[in-house]
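Data first, discussion second: the structure below is written as structure tokens.
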Protein chains: 2
Amino acid sequence: MQGCSAEKREKDFTIMQEINKTEKIDLEKDKIDFEKEEFRIILNSRSQRVTSPRIKILKILKSNHKPLTIAEIHSKLSKDKIDLATVYRTLNLFSEIKIVNEIDFKDEFKRYELVYDRHHHHHIVCRKCKSVENVETCILDDLEKLLSKKGYSEITHSLEFFGICKNCSN
Amino acid sequence: MQGCSAEKREKDFTIMQEINKTEKIDLEKDKIDFEKEEFRIILNSRSQRVTSPRIKILKILKSNHKPLTIAEIHSKLSKDKIDLATVYRTLNLFSEIKIVNEIDFKDEFKRYELVYDRHHHHHIVCRKCKSVENVETCILDDLEKLLSKKGYSEITHSLEFFGICKNCSN
DNA sequence: TTTGTTGCAAATCATTTGCAGACGG
DNA sequence: CCGTCTGCAAATGATTTGCAACAAA
């Protein structure tokens, strides 16, 4: 293909057409390209392939500042025709490589939240409407006081620790 | 039935026979009868019927000082031929009336633990062997220090709050 | 070129449900 | 006796998996 300048020019032109089209539609082009590059680095650094479904799912997780269910992620991908099975496989992968946290809100669905770029935090979930707010502090007493000041009532919490026990360390 | 003394005596005798038989087989009779009475009170006070599957499941939860999965509970009932669906329905009921806590250990199974007679506590779970120890303290920093002194490593935790938000209170 | 990923369709498996008979109060 | 609970069998629905085509490195 080297030296095949006519073809190259035609290709460049096609690319420019593509970019112009994109610019008109998407005013946040620069931000999005930056994100893509960020995701590429994250995946590469963990020896994972950079694929279109993975980037799209990462974008969705990044732009939604609350934990999402598989169904929510999949429906946000509806125009991209990404298979449900791929969504499951991708989120299982992301959990394994620890760039995503799997959260249980005590309903029937698991939720996923991007964590590689965020500091440790928790959530307060409304038992009725399932709305979610982040909780940044980390001492329980202070927390519950804070939450009731914010207007929540009947607060309960669930806290579990996970680790490797003595036996398993050997 | 008043004044029907012959019948009453016969009935009492039958009961005594029953008790003697039980004593020979089960040396912990007193303890178990006490438990049954306790469970009866708990269920009655919440307007729930006292049935044999419910008592058996409560006994299992009471005697196992760690959260159990549905499958574990069901297998401990194997000799009693209690249906799996009944186990599910019973534990959902127990969760609703809040005598049992439903816990997520981030594997595929929900676990259930009796809570009406215990003070609030958490757990530390080994990620490999799934062994469970209770955690009684309740300040996170102290906790994690305590846990690593106990020999756990790579400790993480998961904490979520649940409550009713302002909007839903109206 | 090689290895890993995706889409599709089918399988799996935990959980729920309808119903008829059994049981508790 | 009335209303609820249980066992059974079938349905449901989220999640996983096998496989062939495809894409990334």
Side-chain angles (χ1 to χ4, degrees), chain A residues 1 36-37 39-60 67-97 99-100 102-112 130, chain B residues 1 36-37 39-60 67-97 99-100 102-112 130:
Chain A
M1 281 283 188
K36 199 173 202 160
E37 210 40 52
F39 298 150
R40 186 183 302 282
I41 291 165
I42 302 237
L43 290 173
N44 275 333
S45 71
R46 286 156 219 245
S47 321
Q48 299 300 330
R49 292 201 174 167
V50 177
T51 68
S52 154
R54 291 179 182 178
I55 296 295
K56 283 171 182 152
I57 290 172
L58 283 171
K59 282 189 182 175
I60 288 172
L68 298 175
T69 63
I70 293 283
E72 286 167 340
I73 296 169
H74 185 238
S75 85
K76 284 172 198 289
L77 286 167
S78 56
K79 59 179 182 305
D80 298 296
K81 301 218 169 58
I82 307 262
D83 198 77
L84 230 200
T86 301
V87 181
Y88 276 105
R89 281 188 280 225
T90 304
L91 283 145
N92 285 340
L93 171 73
F94 288 176
S95 294
E96 277 164 33
I97 65 176
I99 65 176
V100 143
E102 188 186 291
I103 303 166
D104 174 61
F105 279 175
K106 301 221 174 185
D107 60 10
E108 54 196 311
F109 305 108
K110 289 183 173 174
R111 286 174 168 75
Y112 298 88
K130 302 285 171 182
Chain B
M1 280 284 187
K36 199 172 202 162
E37 210 41 51
F39 298 149
R40 186 183 302 282
I41 291 164
I42 302 235
L43 291 172
N44 275 334
S45 71
R46 287 155 218 245
S47 321
Q48 299 300 330
R49 292 201 172 164
V50 178
T51 69
S52 154
R54 290 178 183 180
I55 296 295
K56 282 172 183 152
I57 289 172
L58 283 171
K59 281 189 183 175
I60 287 172
L68 297 176
T69 63
I70 293 284
E72 286 168 340
I73 296 169
H74 185 239
S75 85
K76 284 171 199 289
L77 286 167
S78 56
K79 58 178 184 304
D80 298 295
K81 301 218 169 61
I82 308 261
D83 198 77
L84 230 201
T86 301
V87 181
Y88 276 104
R89 280 188 281 226
T90 303
L91 283 145
N92 285 341
L93 171 73
F94 287 176
S95 293
E96 277 164 33
I97 65 175
I99 64 175
V100 143
E102 189 186 291
I103 303 166
D104 174 61
F105 279 175
K106 302 223 172 182
D107 60 9
E108 54 196 312
F109 306 108
K110 289 183 173 173
R111 285 175 169 76
Y112 298 87
K130 303 284 173 184

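Lettering follows sequence order; numbering is per chain, from 1. Only this structure's heavy atoms are used, side chains among them; waters, hydrogens and symmetry mates stay out.
With sequence neighbours excluded, the residues that form a salt bridge (Lys or Arg N to Asp or Glu O under 4.0 Å) with A:R40 are A:E37. Shown here are the side-chain contact (heavy atoms from CB on, under 4.5 Å) partners of A:L84, two or more places apart in sequence or in another chain: A:I70, A:H74, A:Y88. By the side-chain contact (heavy atoms from CB on, under 4.5 Å) test, B:T51 is found to be paired with B:R49, B:P53, B:R54, residues two or more places apart in sequence or in another chain being considered. For B:I60, the side-chain contact (heavy atoms from CB on, under 4.5 Å) partners are B:N64, B:L68, B:K76, B:L77, not counting sequence neighbours. Remark: A:E102 pairs with A:K110 by the side chain to side chain donor-acceptor pair (under 3.5 Å) rule, at least two apart or across chains.
Within the helix from C:dT1-D:dA25 to C:dG25-D:dC1, the inter-axis angle between the opening and closing five-pair segments is 50°, rounded to 10°.
Looking at A:F39 and A:K59, their side chains come closer than 4.5 Å, going by heavy atoms from C-beta outward. At least one side-chain heavy atom of B:I42 sits less than 4.5 Å from a side-chain heavy atom of B:R46. Side-chain contact between A:Y112 and A:S95 is present, with at least one heavy-atom pair separated by less than 4.5 Å.
Residue pairs satisfying the salt bridge (Lys or Arg N to Asp or Glu O under 4.0 Å) criterion with at least one member in residues 77-95 of chain A, sequence neighbours excluded, are listed as follows: A:K56-A:D80.
The two residues A:P67 and A:E72 come nearest to each other via the heavy atoms O-OE1, 4.2 Å.
In this entry the distance linking NE2 of A:H74 with P of D:dG13 reads 17 Å, nearest Å. Atom CZ of B:R54 is separated from atom P of D:dG7 by 11 Å (rounded to the nearest Å). As a whole-Å value, the separation of A:L93 CG from D:dT15 C1' is 16 Å.
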Between protein and nucleotides 21-25 of chain C, what N or O pairs are separated by less than 3.5 Å?
from, atom 1, to, atom 2, distance (Å)
C:dG24, N2, B:R49, NH2, 3.2
C:dG25, OP1, B:V50, N, 3.3

- [ ] Can you check each nucleotide of nucleotides 7-16 of chain C against protein heavy atoms at under 4.0 Å and return B for base, S for sugar-phosphate only, - for none, in 5' to 3' order?
- [x] BB-----SSB
